[in-house]
Amino acid sequence: MSQVKIPTFKLNNGKELPALGYGTWLGLDEKFQLYYDDIPKMEEALSYAIDIGYRHVDTAHLYKVEPQVGQVVNKKIQDGVVKREDLFITTKVWQNFHREADVEVSVRGSLRRSNLEYFDLVLMHWPMSVSVDEVDEKIDYLETWRGFEKVLEKGLVKSIGVSNFNLEQMKRLLDNCKVTPVCNQVEINLNLGQKELVDFCQSNNVVVVAYSPFGTMVPSRAPPGSPEPKLNNPTMVAIGKKHGKTVTQIALRYLYQRGIVSIPKTITKSRVLENASIFDFELDANDVASLAAFDNGYRTVRPVFWQDYQNYPFDKVDMKMEIPLGLRNSQLISD
């Protein structure tokens, strides 16, 4: 079996975060429910990922796969493939647990579902606070962060961070926290480079983690009218050919060279291997300049159904949409 060696980035608390992780979000089906049919494939792909050398796993309460992630992880530990301390497992606190005391409730719930004693990292999934019946609770994310500092103090987690925080929110959090977040997980890809946010985070010793690192390159994520590059983009194909790599490997390598961690998601074993096979070549200055030219601020993930909520982190657009079933908070209370 092929093995991959994934380098790490040092976090501001001294811990090491692998530069590439396995993302476990399965997306929503045509009825806007989670792709439950793909859960067994995800378990198989995650198992394979750990076998070949992945050590960083990214999940969340919202994804409804914490039990399966925990099963795979615990089996690999039992089988002697890895030790628990070799792995870096991240989960996230959802929007209806933003009161200070509720952060611990959420983290303990995630630990129970995953059958783990601790998480390596827990993130505030979004800066907005939304009740189970989708009412804007308007809880300040600084209050929520105090709850994160408490779970860290209690040893339930080794590191704490945020997700989907914009530049102003990061500045305000850093000015008002006792414990600096180790990372900010946001959408970053060739269309959405987020240079200002990345520069700010990195200059303050906060690692940036990229979700949706392929943006709209992959056909299933490409709505009509979405910008280049696509998988057959001539510039991308030429750079790939030059290095003997695929177009998606070029996209991941570009993020790595910017000092950014990526968590691509796939349930295809060949792609699990392909995604991690990016550490044996280097993009030159011309490649980097060509790739940087695709940055046009286009967001793949734009949850307009939350844009009227306090602390929504993105610019607002003239569009209305119901909250999809799979993202409703009521979906999470049964577990």
Side-chain angles (χ1 to χ4, degrees), residues 4 6 8-9 17-29 34-73 76 87-94 110 113-114 119-126 159 161-164 182-190 192 207-218 220-221 246 248-249 251-256 260-278 299-301 303 326-327:
V4 294
I6 300 173
T8 61
F9 289 115
L17 174 62
L20 190 112
Y22 181 84
T24 61
W25 166 239
L26 293 172
L28 303 176
D29 62 20
L34 193 75
Y35 271 118
Y36 290 108
D37 293 354
D38 283 346
I39 288 178
K41 293 178 191 163
M42 183 277 291
E43 289 178 88
E44 210 178 304
L46 173 57
S47 179
Y48 173 72
I50 294 172
D51 284 343
I52 66 167
Y54 277 71
R55 297 295 177 257
H56 173 190
V57 183
D58 182 273
T59 193
H61 186 186
L62 174 77
Y63 306 168
K64 302 201 94 166
V65 294
E66 287 173 327
Q68 291 83 0
V69 168
Q71 275 166 12
V72 172
V73 163
K76 292 298 164 193
L87 295 169
F88 194 103
I89 302 170
T90 300
T91 196
K92 307 178 190 83
V93 170
W94 191 239
S110 289
R113 285 186 291 276
S114 312
F119 286 106
D120 297 275
L121 174 62
V122 175
L123 304 178
M124 195 186 313
H125 207 149
W126 288 88
S159 310
V162 294
S163 180
N164 294 301
V182 297
C183 76
N184 184 15
Q185 186 182 123
V186 291
E187 179 187 348
I188 298 190
N189 46 56
L190 290 173
L192 190 66
V207 168
V208 177
V209 178
Y211 70 74
S212 298
F214 303 131
T216 63
M217 285 172 78
V218 182
S220 63
R221 297 296 296 272
T246 64
T248 48
Q249 286 174 317
L252 291 174
R253 177 71 200 188
Y254 176 68
L255 294 181
Y256 174 65
I260 294 169
V261 174
S262 294
I263 40 168
K265 60 188 181 67
T266 182
I267 49 174
T268 308
K269 285 183 182 179
S270 59
R271 292 212 191 93
V272 170
L273 177 59
E274 184 184 308
N275 288 340
S277 303
I278 60 164
R299 277 189 188 282
T300 308
V301 177
L327 297 182

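All heavy atoms count here, side chains included; hydrogens, waters and symmetry mates do not. By convention here, the first residue in the shown sequence is residue 1.
- Side chains of Val93 and Met124 form no contact here, defined as non-hydrogen atoms less than 4.5 Å apart.
- Ring planes of Tyr22 and Tyr54: perpendicular class, angle over 60° (limits at 30 and 60°).
- When only modelled atom types and interatomic distance are considered, Glu187 and Ser212 share no side-chain donor-acceptor pair under 3.5 Å.
- In this structure, Asn184 and Asn164 approach most closely via the heavy-atom pair OD1-N, 3.7 Å.
- Using a 30° and 60° split on the angle between ring planes, Tyr63 and Trp25 fall in the tilted class, from 30° to 60°.
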Q. Should Tyr48 and Leu273 be marked as a side-chain contact (heavy atoms from CB on, under 4.5 Å) after you check the CA-CA gap, both sets of side-chain angles, and the distance that decides it?
A. CA-CA 9 Å; Tyr48 173 72; Leu273 177 59; 3.8 Å; yes
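- Note: Ile89 CD1 to Ser114 OG = 8.0 Å, rounded to the nearest 0.5 Å.
- Expressed to the nearest 0.5 Å, how far CG of Leu252 lies from OG1 of Thr246 amounts to 8.0 Å.
- Residues His61 and His125 are not in side-chain contact: their nearest non-hydrogen atoms beyond the backbone lie 4.5 Å or more apart.
- Looking at heavy atoms from C-beta onward, His56 lies in side-chain contact with Val261 at the 4.5 angstrom threshold.
- Closest approach of Leu121 and Val182 over heavy atoms only: CD1-CG2, 3.6 Å.
- Arg299 CZ to Leu192 CG: the interatomic distance, rounded to the nearest 0.5 Å, is 5.0 Å.
- Counting only residues at least two apart or in different chains, salt bridge (Lys or Arg N to Asp or Glu O under 4.0 Å) contacts with residues 40-53 comprise Asp38-Lys41, Glu44-Lys269, Asp51-Lys76.
- A 4.5 Å side-chain heavy-atom check between Asp58 and Gln185 finds at least one atom pair inside the cut-off.
- For the residue pair Gly215 and Thr300, the shortest heavy atom distance occurs at CA-OG1, 3.4 Å.
- Judged by distance alone, the side chains of Thr268 and Ser270 never bring a donor and an acceptor atom under 3.5 Å apart.
- Residues Ser277 and Val4 are in side-chain contact: their nearest non-hydrogen atoms beyond the backbone lie under 4.5 Å apart.
- Side-chain atoms of Arg55 and Phe88, non-hydrogen and from C-beta on, never get closer than 4.5 Å to each other.
- Contact record, Leu20 with Ile6: N-CG2, 3.6 Å, taken as the closest heavy-atom pair.
- Annotation for Gly326 and Leu62: closest pair O-CD1, 3.8 Å, computed over non-hydrogen atoms.
- Using modelled atom types, no side-chain atom of Glu274 and backbone atom of Gln249 make a donor-acceptor pair closer than 3.5 Å.
- In this structure, OG1 on Thr24 lies 8.5 Å from CD1 on Ile263, to the nearest 0.5 angstrom.
- Side-chain contact between Ser110 and Thr59 is absent, with no heavy atoms from C-beta onward closer than 4.5 Å.
- To the nearest 0.5 Å, atom CG of residue Leu26 and atom CD of residue Gln68 are 9.0 Å apart.
- Minimum interatomic distance between Tyr35 and Leu28 (heavy atoms only, all atoms of both residues): CE1-O, 3.1 Å.
- For the pair Val209 and Phe9, the minimum side-chain heavy-atom distance is 4.5 Å or more.
- Atom CG of Leu87 and atom CZ of Phe119 lie 12.5 Å apart (nearest 0.5 Å).
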